[in-house]
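Following: one structure in structure tokens, then a few remarks.
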Amino acid sequence: MKYCNLIIVFLLKVVVTFSQTTGGNSAFSFSNLSNTPQLTALGGINISNRTGDIGLAFNNPALLTEAMHTQGNLVFTTMYGGIRNYHLQFAYRAEKIKTNFAAGVNYFNYGSTDATDASGNILGAISPVDYVAQLSASRIYLSKWSYGATLKFIRSNYGAWRAAAIAMDIGVTWYDSSVGVQSSLVIKNMGAQVQHYTGSENEDLPFDIQLGISKRLKNAPLQFSFTANRLHRFDITYDDTAFNSENGFNSTSGKAFSFDNIFRHIILAAQIYVGDKVELSAGYSYLRRKELNIGSSGNGLNGFSAGVGVLFPKLQIRYGRTYYQSNRSYHQFGLNLKLRDYIKAGKVKSSIGY
């Protein structure tokens, strides 16, 4: 009981410390972007979907399971302006200590661009990059609970402007297969900068508290997910009064209560299972739609996302697509390989003379 009380006090202190971080006011915001196609298709945030995709465990270490032993996840994303995003992750089960481990990196390459001074004179070229490298561990408690933690090193390099941070995620998941219910709580990005862009100014990390629940229907091949994020702060509205006036939007920032502010925290998702080989996913982020809509033009499918997964015994092929302004979207492709199965197959072929 003493240790439980200490944990509760620590978590409350963390919430108070980071509760002012919101919107674009933090450094390393790239770490909020989806690292894997299934997550992209589910709306960009989903911490409760227990699946065979190790990519989802990158954002909730409690989703890292024994079944993911030797699974590798490789993802390639094409984004606007020639930006490239690469994700790599690998899992390992240490049976002697009953613990699952995973190591991963999410890397953003922004290409080459001119470096200029305040007068516009070209001084050379720089190749900006962002990345996060992390190590996760998880364990089972009793039969329905799992818990995990992730240690991160976050790095940004924009020529002469460089920054780094150490952070931690903590996740807890409860799963009852008899009723098809999965629920999770994750506290993300607790930590601090160890190197600052300006050399002295300290900036907040993209701290977040997330709560999610997924329910798979018993008599239908459907699953629904409800995810709430940024629970440490109610009003997360980005309020640009000049933009609102120009585009005919009303401000909701600062209101004690509004349904608009509530729904900005929520992401909805659904999955359809076609046999045991195909998964169709769709998601909707109200916050993304509200922040990217333009009042004077059509906004199409802003905030919506979709994807598909084709699942083979040794290979998962996944694709995700999410929509931004004027139906502009980016595509994400991923492969999941159970490397242990390929190694075993290779040994069998060698033994019979292939």
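Side chains are part of it too, since the values below use all heavy atoms of this structure and drop only hydrogens, waters and symmetry mates.
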Stepwise, does the side chain to side chain contact (heavy atoms under 4.5 Å, CB included) test hold for Ser183 with Ser48?
-> CA-CA 5 Å; Ser183 59; Ser48 58; 5.6 Å; no

Glu203 side, atom CD; His196 side, atom NE2 - distance, nearest 0.5 Å | 8.0 Å

Measure the acute angle between the ring planes of His331 and Tyr319, then classify it against the limits of 30° and 60° as parallel, tilted or perpendicular.
-> parallel

Would a 4.5 Å heavy-atom cut-off, applied to side chains only, mark Asn59 and Lys188 as touching?
-> yes

Indicate yes or no for a side-chain donor-acceptor contact from His69 to the backbone of Arg93 under 3.5 Å, with no hydrogens or angles considered.
-> yes

Is it true that a side-chain atom of Lys215 and a backbone atom of Val179 form a donor plus acceptor pair closer than 3.5 Å?
-> yes

Is the backbone N or O of Phe76 less than 3.5 Å from a side-chain atom of His87, with the two atoms forming a donor-acceptor pair by type?
-> no

Is there side-chain contact between Asp208 and His232, with heavy atoms separated by less than 4.5 Å?
-> yes

In terms of heavy-atom contacts, Arg321 and Ser329 come closest through NE-OG, 2.9 Å

Ile166 vs Phe153 side-chain heavy atoms within contact, under 4.5 Å | yes

I would like to know whether Asp53 and Gln316 meet side-chain hydrogen bond (donor to acceptor under 3.5 Å, both in side chains); could you show each step before the answer?
-> CA-CA 8 Å; Asp53 181 3; Gln316 301 175 27; over 6 Å; no

Taking atom types as modelled, find out whether Tyr131 and Asn157 have a side-chain donor-acceptor pair closer than 3.5 angstrom.
-> no

Can we say Glu291 and Arg288 salt-bridge, meaning some charged N sits less than 4.0 Å from an Asp/Glu carboxylate O?
-> no

Report the distance from atom CG of Asn261 to atom CZ of Phe234, rounding to the nearest 0.5 Å.
-> 4.5 Å

Are the side chain of Arg84 and the backbone N or O of Gly111 linked by a donor-acceptor pair below 3.5 Å?
-> no

Among Thr36, Thr77, Asp130, Asn85, find the residue that satisfies the side-chain hydrogen bond (donor to acceptor under 3.5 Å, both in side chains) test when tested with Asn106.
-> Asn85

Show the numbers, then the answer: is there a side chain to side chain contact (heavy atoms under 4.5 Å, CB included) between Phe28 and Asn189?
-> CA-CA 10 Å; Phe28 311 109; Asn189 295 319; over 6 Å; no

Pick from Thr227, Thr173, Asn49: which one makes a side-chain hydrogen bond (donor to acceptor under 3.5 Å, both in side chains) with Ser184?
-> Thr173

Value rounded to 0.5 Å, distance of OH in Tyr286 from CD1 in Ile267 = 13.5 Å

Would you mind telling me which of Ile47, Leu231, Ile187, Asn46 makes a side chain to side chain contact (heavy atoms under 4.5 Å, CB included) with Gln210?
-> Ile47

Please check if the side chain of Asp114 supplies one atom and the backbone of Ile122 the other of a donor-acceptor pair under 3.5 Å.
-> no

Out of Leu335, Val308, Leu311, which residue meets the side chain to side chain contact (heavy atoms under 4.5 Å, CB included) rule with Arg318?
-> Leu311

Between Gln134 and Phe58, is there a donor-acceptor pair closer than 3.5 Å when you use the side chain of the first and the backbone of the second?
-> yes

Evaluate the side chain to side chain contact (heavy atoms under 4.5 Å, CB included) criterion for residues Leu42 and Ser225: first the C-alpha distance (whole Å), next the side-chain angles of each, then the deciding distance (0.1 Å), finally the verdict.
-> CA-CA 8 Å; Leu42 293 172; Ser225 295; 5.5 Å; no

Taking the side chain as every heavy atom from C-beta outward, state whether Pro128 and Thr113 have any atom pair closer than 4.5 Å.
-> yes

Flag yes if Phe259 and Phe226 sit in one hydrophobic cluster, no otherwise; membership is Ile, Leu, Val, Met, Phe, Trp, Tyr, and two members link when side-chain heavy atoms are under 4.5 Å apart.
-> yes

Considering only heavy atoms from C-beta outward, does the side chain of Tyr330 approach that of Ile83 to under 4.5 Å?
-> no

Is the backbone N or O of Asn302 less than 3.5 Å from a side-chain atom of Arg289, with the two atoms forming a donor-acceptor pair by type?
-> yes

The reported gap from CD in Glu66 to OG1 in Thr99 (rounded to nearest 0.5 angstrom) is 11.0 Å

Shortest non-hydrogen contact from Ala137 toward Pro61 = O-CB, 4.3 Å

Does Leu74 share a hydrophobic cluster with Met68, counting links as ILVMFWY side-chain heavy atoms below 4.5 Å and allowing steps through other members?
-> no

Taking every non-hydrogen atom, the tightest pair across Gly55 and Asn336 = N-ND2, 4.4 Å

So salt bridge (charged side-chain N to carboxylate O under 4.0 Å, His left out) across residues 147-161, not counting sequence neighbours, yields Lys152-Asp169

Which residues satisfy the side-chain contact (heavy atoms from CB on, under 4.5 Å) test with Tyr175, sequence neighbours excluded?
-> Arg50, Ser177, Gln182

Which of these, Tyr107, Tyr110, Phe108, sits in a ring pair (Phe, Tyr, Trp, His ring centres under 6.0 Å) with Phe30?
-> Phe108

Taking all heavy atoms of Asn60 and all of Val172, pick out the closest pair and write down the distance.
-> OD1-N, 4.5 Å

Distance-only, no hydrogens or angles: does the Ser305 side chain make a donor-acceptor pair with backbone N or O of Thr40 under 3.5 Å?
-> yes

Side chain Gln332, main chain Gly320, donor-acceptor under 3.5 Å = no

Find out if a path of hydrophobic residues (ILVMFWY) with successive side-chain heavy-atom gaps under 4.5 Å connects Leu280 to Leu222.
-> yes

Once the angle between the rings of Tyr284 and Phe304 is folded into 0 to 90°, is it parallel (under 30°), tilted (30 to 60°) or perpendicular (over 60°)?
-> tilted

Rounded to the nearest 0.5 Å, how far apart are CD of Gln193 and CG of Asp204?
-> 8.5 Å

Would you please test Leu268 and Phe224 for side chain to side chain contact (heavy atoms under 4.5 Å, CB included) and show each step?
-> CA-CA 8 Å; Leu268 302 175; Phe224 298 96; over 6 Å; no

Crowded around Tyr141 OH? As in, over 12 foreign heavy atoms under 6.0 Å?
-> no

Are Arg216 and Tyr273 close enough that some pair of their side-chain heavy atoms sits under 4.5 Å apart?
-> yes

Look at the side-chain heavy atoms of Ile, Leu, Val, Met, Phe, Trp and Tyr, link any pair under 4.5 Å apart, and say whether Ile140 and Leu63 land in one connected group.
-> no

Answer yes if Ile317 and Phe333 sit in the same cluster of Ile, Leu, Val, Met, Phe, Trp and Tyr residues linked by side chain heavy atoms under 4.5 Å apart, and no otherwise.
-> no

Of all heavy-atom pairs linking Ala41 and Gly307, the shortest is CB-N, 3.4 Å

Which value, rounded to the nearest 0.5 Å, describes the distance between Glu95 atom CD and Ile97 atom CD1?
-> 10.0 Å

Between Asn229 and His265, is there a donor-acceptor pair closer than 3.5 Å when you use the side chain of the first and the backbone of the second?
-> yes

Shortest non-hydrogen contact from Pro206 toward Ala27 | CD-O, 3.1 Å

